[in-house]
Structure formats: C-alpha cells, structure tokens
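What you see is a predicted model, and the numbers here were worked out from it, not measured in a lab. We're numbering straight along the sequence, starting at 1.
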Amino acid sequence: MVGAMPVNLIPKFCNGTMDSHNGTDGEEFQVHIGSRIKCGDDFGTVKYIGEVQGYKGIWYGIEWDDPPRGKHDGSVDEIQYFKTSKPGAGSFIRPNKISPFKTCAEAIRRYYGDREDETVAAHRRTIINEWKREMGAPFIEMVGFEKIHQKQKFDRLLEVCVHDQNIAKAGDVASLCPNVRSLDVSRNLFSNWREVIQLSAQLPDLTELDVSKNRMAIDMPKETLTQLSINFANLKKINISVCDYEWSDVMTLSYLWPNINELIAAFNRIRKISVSDFTRTLNSLTILRLDGNPIDSWYDVLKLGSLKDLKVLSLNDCFIEEIRFNDSPEDKVEVFENLEVLFLNRNRINDWQSVSELGKLKRLKKLYFLKNPIQNTEDYDTGSQLIIAKIDTLQELNGSIITRDLRRGAEYDYLKRYGAEWKEAQNDMMKKLKFDTEHCRFDQLVNKYGIPEDSLLVKQPKSTTLTSQLIEVKLYDENGKSVKKKFPKNMAVQKLVTLAQKLFSKPGHIGQPTLHLVDEQMNGATHVLDNMMKDLAFFSVKNGSTILVKFR
C-alpha cells in the first residue's frame, strides 16, 4: 500500500482525527492520520496528531515529501511519536500553519467564475442593452441574468485545470460543470482514491484525468476497484506521474480503468516490472509513458511486450544500459509487435549492438535516441547514419524525416565502414558469429548493394595509439602551391577547411575554400568534401590522399 504509514504512538487523548475549519464550501474537513497537507510551498503527510512532551497544545507530526524540509525521523527527546520512511524527513508543525483545504467544486467555481473573456462579456452587454431598448425600459434590471449566465458558462466547460489549489475533496461538481471531459487536479491534497472516484462518478463524460503529484494511498482490494471501475467507463487517458508508486501499485490501480488507451506514470519508483496478465487490465493500452523511473534492465521492459495494441512506449531518463531480444541475429521478434514509436533519450546505453537489436522490432517507425553514452563515440551525423542503417523500418529519427536518399547513403556508408571487417569474418566462424550479432542487418545490406570495392572500404585500425591515428595528406591549390600535413583520421572537415584557408588564402579570396578529394583510380576525378561536420574517415581520406583546395 502506498501512502500513510502506521503510527507508532497515538496518545489516549487523541483519536487520530482533528477538525479543521478552514474549508469554505460548506464541507467539514477533518485532518487525520494519512491526510495530505501543504505548508508554504512544501507538501507532506500527517503521521501523528497530539501533544508533544514539553510543548503545549496539539501538534501535527509531518513526513515531508522533500526530506531536507524535515528535522528528525519522528522522535523528540528520545520519544518516538511517529516513524518516517526516509531519514530526517519529519517535523512537527502547529495546525494553523497548514494551508486551507478546498473541494474541487469550490476551486473550479473560484478559478473559472472570476474569469471571463472580454469579447463574450461585451457581447452579453450588447444583448442586454438591445433587450432593454426593445422593451422600452432602459432602467430595468435583468434580475437573475448573471446567475443564468454563470450557470451556462460552467455548463460549457469541457476542459478544467485546477492544478495546485489545495483540493482535498470532490465536492458537488455534478451540479456545477457536469459536462467536463478533461480534468486536471494535479499537485493537490488527495490522500486516497475515494475522493477521485467520487469526482469521476459525477462526470460521466470524463475521458482524460490528471492526478499527478498527489500521494494517494491504495487501500481497496482489486475486487472493490473492479466494481468501482464503472465510474471510469469512458476514461481513455490517465496521468499518475510523481505519485510515489511502484509497478505493483500501477497494476492494482489498473482495475479502475478498464478502457484506457494512454497511461502516464512518469517519475515514480518503478524499478522492476512484474509479469502481468494484460488480458484482464491494460489490454487496450496504445500509449505508455514511464519516463524518469529507475528502470535499469531491458528484461523488465520486455515484460511489457505482450501489450498487443501498444504503439508508443516512452522510456526517457531511465537507467537502461543495454538492449537485447534474442540470440538470432536477423529474425524479427514477436514482442511489441505493433510498437511504432520508442523514446530512449538520456539513458545509459553504451554499445551499438543495442541499436542493432532495435532493428528486430517489426514496425518501429520513429525513434528518439539522444544523449546516450554510446553517442559520445561519434559526431551526431555519423551516429545518426549508424542508427538509420541498423534499423530498416525507421522513418523518423529524433523528429527528422528519413528520406530515401538519406537511407541509401547511410546504408552504403555503413557497408564501407564495416565491409573489411565483414570480409575478414567470413573465414572464421567465431568472428562471423560475433560480427553477425553486432551487425544484425549487414548480410541483408550486402544482398541489397553488394560489398563496395576494396579501395572504398575503411580499414578498421588495429592500434589505438596517437601515431596510428594520424594520416599524411597532400594539399594543393590551383596555382600549384602544395603542402603535406599529418592529421587525425577523425578530424572534422570544418577544421581542415579552416587550416587550408590559412595556408592558401591570398588577397582577393572571399569566403572559405572547398575541398576536393582526388580519386587517383578514376583518372583524377574529384569528390567534394561537402559535409563540414563529418570526419575525414567518412570521406575515405586515408594516408597518402591528395586534396585540391579551391576558392570560389
């Protein structure tokens, strides 16, 4: 159960509840063990109500959501009044220090009742004045018109947001705005799901609900939740982010939402995902967002693979280090059979084989893969080309469309980069097995394009010393001036352009020069180094190459 923890000690003079008269919607609010409160900008859970030895009056013992806000673990002068789940997260405050509670109905009335579009207000005044002229009674008062107008305005509300309004109860929402379809009650003071269920029961057309940043206990069995699910019959989207839930809590709550398509459970405490019977719950899910959870194993993610209708899976800001599906290099996998969009930004993926494994997904069309450690080994464009070449179904990468020409260029460059290694592996079973595992699509690309000529293949360096990474290149211009220099293979073209400008520029030259790699095997034909962000190895610049420097 998530929420209030049991109290170690409640004095005999305190029954665990205390009236709070700070509500203003005709509702009587009681603060009790497990109540959520706000003090200033800080949120916490009441763990104790009563006296503290040596101090007069009644005190609330609070466990704060932000542990540094606390002072102790629930004990004062060696007396343990309550126990915090995190060290140092507890403290005592006076009842008058907490912010006033509200009902959801009161918050909606206050927030939306005082807001009116000026165009609508002007139109309403025009109509009233026209009525007065037609009736020949310019001084008549339209008694009750304002109330009718307010009622009509609330009836028209389809989307309601009352974020951070100290809401602790539902109130009478049905008579105020019964037609609401989207409701945001995030960052409020709900302490359990009963009030949320009451809210939804009053809004029969509700399709979207945001209860994120509430700490709500789950204190009802699955059978009861199943019976109460009738109150969420039309709900399609639910947001329970930052609610301090584990996966078992999510699965328990899923019995409340029989027909949801989108579940957002970001930044909770989900580390492990248990095998679940998705035929009973979440079987209609098409979008699942688990960003910011401490999920570190792809094998836990695989347990979600039986969600047959899942099309979008978001795992940004998790702790995933590698991706593996099966031992077969080329076979597509049966899990995630309809997955089209995958977010993996800012994880800890540190090998290119993990990207190759994603190529085993049958229908992956869009991938977001930014700021993973493996990308530090290449510049952005080269890394993007590797991803495109490894995943044949991909249509978008990091929001950019993959054109036919872009894919063809990426795949052909991939062949040039690893073709020599592929050839070498053909005569060694162990090397071939290792190569096929790391480059799942390579044989498919060989069948599609063939292996490039040996002269175009990039030889993979056997030594990583600085000397072995240097290549000697001859630079010359159209006036016959030439220079030989040594450069790192991975030096960007832009740096070589800048150097060439310093070496060959003369008065009258405007702008930067263009570099043309001379192909000796093609009778001196040249190829323009036209991508400044690529490195020299990308254009097959090798030891002994010749580059013509031209100024426009």
Open item on the list: Measuring from atom CG of Leu304 to atom CG of Leu290, what distance do you get when rounded to the nearest 0.5 angstrom?
Closed with: 6.5 Å

Task: Salt bridge Lys390-Glu357, side-chain N to carboxylate O under 4.0 Å - done: no

- [ ] Verify the neighbour count for atom CD of Glu159: are there more than 12 heavy atoms of other residues, nucleotides or ligands below 6.0 Å?
- [x] no

- [ ] Among Asn188, Asn166, Asn192, Asp65, find the residue that satisfies the side-chain hydrogen bond (donor to acceptor under 3.5 Å, both in side chains) test when tested with Arg36.
- [x] Asp65

Open item on the list: Regarding Thr403 and Asp405, do their side chains bring together a donor and an acceptor under 3.5 Å, going by distance alone?
Closed with: no

TODO: Would you mind checking if Lys272 and Glu246 are paired as a salt bridge, meaning a charged N to carboxylate O distance below 4.0 Å?
DONE: no

Open item on the list: Rounded to the nearest 0.5 Å, what separates atom CG in Leu209 from atom CZ in Phe232?
Closed with: 6.5 Å

- [ ] For Asn531 and Val493, run side-chain contact (heavy atoms from CB on, under 4.5 Å): C-alpha distance rounded to whole Å, both residues' side-chain angles, the deciding distance at 0.1 Å, then the answer.
- [x] CA-CA 7 Å; Asn531 192 324; Val493 171; over 6 Å; no

- [ ] Decide if atom NZ of Lys303 counts as having more than 12 heavy atoms of other residues, nucleotides or ligands within a radius under 6.0 Å.
- [x] yes

Task: Distance in Å, Leu263 CG paired with Lys237 NZ, rounded so as to fall on 0.5 Å steps - done: 11.0 Å

Task: Crowding at NZ, Lys495 (>12 non-hydrogen neighbours, <6.0 Å) - done: no

Open item on the list: Do the side chains of Asp205 and Arg181 get close enough for a salt bridge, i.e. N-O under 4.0 angstrom?
Closed with: no

Open item on the list: Can a side-chain donor-acceptor contact be found between Lys474 and Thr546 if the only test is distance below 3.5 angstrom?
Closed with: no

Open item on the list: Measuring from atom CE of Met216 to atom SG of Cys243, what distance do you get when rounded to the nearest 0.5 angstrom?
Closed with: 5.0 Å

Task: salt bridge (charged side-chain N to carboxylate O under 4.0 Å, His left out), paired with Asp392, selected from Arg363, Lys332, Lys360 - done: Lys332

Task: Test: Arg269 and Asp244 ion pair at under 4.0 Å - done: yes

Task: Neighbour count above 12 (heavy atom, 6.0 Å) for Lys236 NZ - done: yes

Open item on the list: Tell me whether Gln375 contacts the main-chain N or O of Phe369 through its side chain, where contact means a donor paired with an acceptor under 3.5 Å.
Closed with: yes

Task: Test: Lys213 and Asp164 ion pair at under 4.0 Å - done: no

Task: Candidate pair Thr437 and Gln353, rule side-chain hydrogen bond (donor to acceptor under 3.5 Å, both in side chains), full reasoning - done: CA-CA 7 Å; Thr437 300; Gln353 184 181 340; 5.5 Å; no

TODO: For residues Asp309 and Ser284, report the shortest heavy-atom separation together with the two atoms involved.
DONE: OD2-CA, 4.3 Å

TODO: Any chance you could measure Asn372, atom CG, to Thr377, atom OG1, to the nearest 0.5 Å?
DONE: 11.0 Å

- [ ] Would you kindly say whether Glu411 and Tyr449 are connected by a side-chain donor-acceptor distance under 3.5 Å?
- [x] yes

- [ ] Go through the steps to decide whether Trp247 and Asn268 satisfy the test side-chain hydrogen bond (donor to acceptor under 3.5 Å, both in side chains), and finish with yes or no.
- [x] CA-CA 9 Å; Trp247 182 252; Asn268 281 290; over 6 Å; no

Task: N-O pairing of Lys534 and Asp379 below 4.0 Å - done: no

Task: Identified side-chain hydrogen bond (donor to acceptor under 3.5 Å, both in side chains) partner of Ser354 from the options Arg324, Glu322, Glu321 - done: Arg324

TODO: List the steps and the verdict of side-chain hydrogen bond (donor to acceptor under 3.5 Å, both in side chains) for Asn261 and Thr286.
DONE: CA-CA 5 Å; Asn261 302 136; Thr286 58; 5.0 Å; no

Task: Side-chain donor or acceptor of Ser200 paired with backbone N/O of Asn231 under 3.5 Å - done: yes

Task: N-O pairing of Lys365 and Glu396 below 4.0 Å - done: no

